[in-house]
Visitor: 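Let me give you the structure first, and then I'll get to my questions.
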Amino acid sequence: MIQDFENYTKEDQQVWTTLFERQMINLQGKASQDYLDCLEKMSPVLNANEIPNFEKVNQWFESSTGWKIEVVPGLIPVEDFFKLLSEKKFCSSTWLRTMAQLDYLEEPDMFHDTFGHIPLLCNPIFSEFALEFGKVGMENIEDEQFLLKLQRLYWFTIEFGLMTTKNGRRIYGAGIISSFGESKSSLSDDVEVKPFDLDKILNQEFRTDVPQNLYFEINDLNDLYNAIIKLKQESHAVDNI
């Protein structure tokens, strides 16, 4: 599949600009500096003024961490997802929500995929974490229980992760970063936030049909890389028994 860039309408552009500008204001004092620094670096190809052109984004990444955006129709099989990650390809849809859907979607659209996920991929530590995540998934693709653990790690970090900083709690998970409502509620007193603990996360169930009320908080992005390496080593140890 390809991004048919010429088919975007004026309303699509209006939606993109509205979402981008609104969320940039909303994320002040909420988003992690790691994310904000990455978004600033990518501003020539990822900004409010133009719907992102995936060809330009991919060209930009050639001089950064080498990732590429892979166009997908929507949700894809887990094996395909891990394979893409293991090849430094992050999947994204190309459709945008309408003006009537600004605040809620049942299925992630391009704004979630690109504004939420793509920026941190130019951070070297997060880039290596995401790459190893894909590799570990492919190495254990036949182990359903292990894949369930990986899904939980993905959910509580890449999608809904929080970070502690000297300036207070901050957001780095794409599901929160791209959500106007959750970027507020995740930092409120109405939710439970636990210290990052790999074993607890791997055994923590989650629901996709309700707002999140439980989050895990890392100290920095190194926690993520160390966690996936530990999980990789443990899976190899089991294979050698």
Side-chain angles (χ1 to χ4, degrees), residues 31-38 64-67 78-79 81-91 112-113 116-166 168-178 182 186-187 191-208 212-241:
S32 73
Q33 196 60 46
D34 292 304
Y35 172 84
L36 294 174
D37 287 346
C38 288
S64 179
T65 52
W67 283 81
V78 64
E79 183 174 357
F81 177 74
F82 284 121
K83 186 175 187 297
L84 289 174
L85 281 184
S86 71
E87 298 172 348
K88 277 195 170 182
K89 297 176 182 177
F90 199 91
C91 54
H112 167 81
D113 292 336
H117 282 288
I118 296 302
L120 272 178
L121 292 174
C122 74
N123 177 287
I125 299 172
F126 191 88
S127 169
E128 287 302 306
F129 163 63
L131 177 61
E132 289 297 331
F133 194 100
K135 289 180 178 179
V136 172
M138 288 304 297
E139 291 171 1
N140 298 274
I141 201 65
E142 302 297 332
D143 187 338
E144 292 185 5
Q145 286 302 311
F146 190 88
L147 293 185
L148 178 59
K149 292 181 178 181
L150 279 181
Q151 289 174 354
R152 290 169 176 168
L153 180 60
Y154 188 94
W155 186 263
F156 288 111
T157 59
I158 295 175
E159 284 291 355
F160 293 99
L162 298 178
M163 177 187 300
T164 182
T165 75
K166 63 181 180 181
R169 185 168 291 151
R170 295 292 185 266
I171 302 161
Y172 73 89
I176 318 175
I177 286 283
S178 61
E182 189 142 15
S186 63
L187 300 179
V191 300
E192 181 180 5
V193 180
K194 294 183 178 181
F196 184 81
D197 185 308
L198 181 59
D199 291 333
K200 289 182 179 179
I201 288 175
L202 298 183
N203 291 285
Q204 179 64 55
E205 296 181 352
F206 63 86
R207 291 177 60 181
T208 63
Q212 302 306 302
N213 57 14
L214 172 63
Y215 301 87
F216 289 88
E217 183 178 55
I218 62 174
N219 292 306
D220 56 46
L221 295 178
N222 286 300
D223 284 347
L224 302 181
Y225 180 75
N226 293 337
I228 198 64
I229 295 303
K230 179 182 178 182
L231 196 56
K232 182 176 185 177
Q233 292 170 345
E234 290 177 355
S235 69
H236 288 174
V238 171
D239 291 339
N240 294 328
I241 293 177

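No hydrogens, no waters, no symmetry mates; every other heavy atom, side chains included, goes into these values. What you see is a predicted model, and the numbers here were worked out from it, not measured in a lab.
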Visitor: Could you check whether any side-chain heavy atom of R170 comes within less than 4.5 Å of a side-chain heavy atom of Q33, counting everything from C-beta outward?
Guide: no

Visitor: Without placing hydrogens or testing angles, list every side-chain donor-acceptor pair under 3.5 Å for residues 216-227, not counting sequence neighbours.
Guide:
unit_1 : atom_1 : unit_2 : atom_2 : d
E217   : OE2    : R169   : NE     : 2.6
D220   : OD1    : N222   : N      : 2.9
D223   : OD2    : N219   : N      : 2.8
N226   : ND2    : N222   : O      : 3.2

Visitor: Could you walk me through whether D113 and I118 pass the side chain to side chain contact (heavy atoms under 4.5 Å, CB included) test, one step at a time?
Guide: CA-CA 7 Å; D113 292 336; I118 296 302; 5.9 Å; no

Visitor: When you measure from the side chain of D197 to the backbone N and O of K200, does any donor-acceptor pair fall under 3.5 Å?
Guide: yes

Visitor: Check the pair L147 / E144 against side chain to side chain contact (heavy atoms under 4.5 Å, CB included), numbers first and verdict last.
Guide: CA-CA 5 Å; L147 293 185; E144 292 185 5; 5.7 Å; no

Visitor: Assess, by modelled atom type and distance only, whether the side chains of W155 and Q204 contain a donor and an acceptor separated by less than 3.5 Å.
Guide: no

Visitor: Before giving the answer on side chain to side chain contact (heavy atoms under 4.5 Å, CB included), spell out for V191 and Y215 the whole-Å C-alpha distance, their side-chain angles and the decisive distance to 0.1 Å.
Guide: CA-CA 8 Å; V191 300; Y215 301 87; 3.9 Å; yes

Visitor: Main chain of K232, side chain of K135: is a donor-acceptor contact present, judged purely on distance under 3.5 Å?
Guide: no

Visitor: Please report the shortest heavy-atom distance between S178 and H112, naming the atom on each side.
Guide: OG-ND1, 3.0 Å

Visitor: To the closest 0.5 Å, what do you measure between OG (S186) and CD1 (I176)?
Guide: 4.5 Å

Visitor: Would the distance check show the side chain of T65 and the main-chain N or O of L121 forming a donor-acceptor pair, the cut-off being under 3.5 Å?
Guide: yes

Visitor: Run the side chain to side chain contact (heavy atoms under 4.5 Å, CB included) check on V136 and F146 step by step: do they pass?
Guide: CA-CA 10 Å; V136 172; F146 190 88; 3.4 Å; yes

Visitor: Would you mind writing out the side-chain donor-acceptor pairs for residues 156-166 within the sub-3.5 Å range, not counting sequence neighbours?
Guide:
unit_1 : atom_1 : unit_2 : atom_2 : d
T157   : OG1    : L153   : O      : 2.5
E159   : OE1    : G175   : N      : 3.2
E159   : OE2    : H117   : NE2    : 3.0
T165   : OG1    : N167   : N      : 3.1
T165   : OG1    : G168   : N      : 3.2
T165   : OG1    : G168   : O      : 2.6

Visitor: So, taking the atom named CD in E79 and the one named CE in M138, what distance separates them when rounded to the nearest 0.5 Å?
Guide: 5.0 Å

Visitor: Nearest 0.5 Å, please: how far is OH in Y35 from CG in D37?
Guide: 11.5 Å

Visitor: Going by the side chain to side chain contact (heavy atoms under 4.5 Å, CB included) test, name the single residue among L36, L120, D34 that passes it with Y172.
Guide: L120

Visitor: State, yes or no, whether a side-chain contact exists between W67 and L131 at a heavy-atom distance under 4.5 Å.
Guide: yes

Visitor: Below 4.5 Å, heavy atoms only, C-beta onward: do L202 and L231 meet side chain to side chain?
Guide: yes

Visitor: Say whether, by atom type as modelled, one donor and one acceptor occur between the side chain of E234 and the main chain of I229 under 3.5 angstrom.
Guide: no

Visitor: To the closest 0.5 Å, what do you measure between NZ (K83) and CG (L85)?
Guide: 11.5 Å

Visitor: Partners of K89 by salt bridge (charged side-chain N to carboxylate O under 4.0 Å, His left out), sequence neighbours excluded?
Guide: E87

Visitor: Rounded at 0.5 Å granularity, tell me how far NZ in K149 sits from CG in L198.
Guide: 9.0 Å

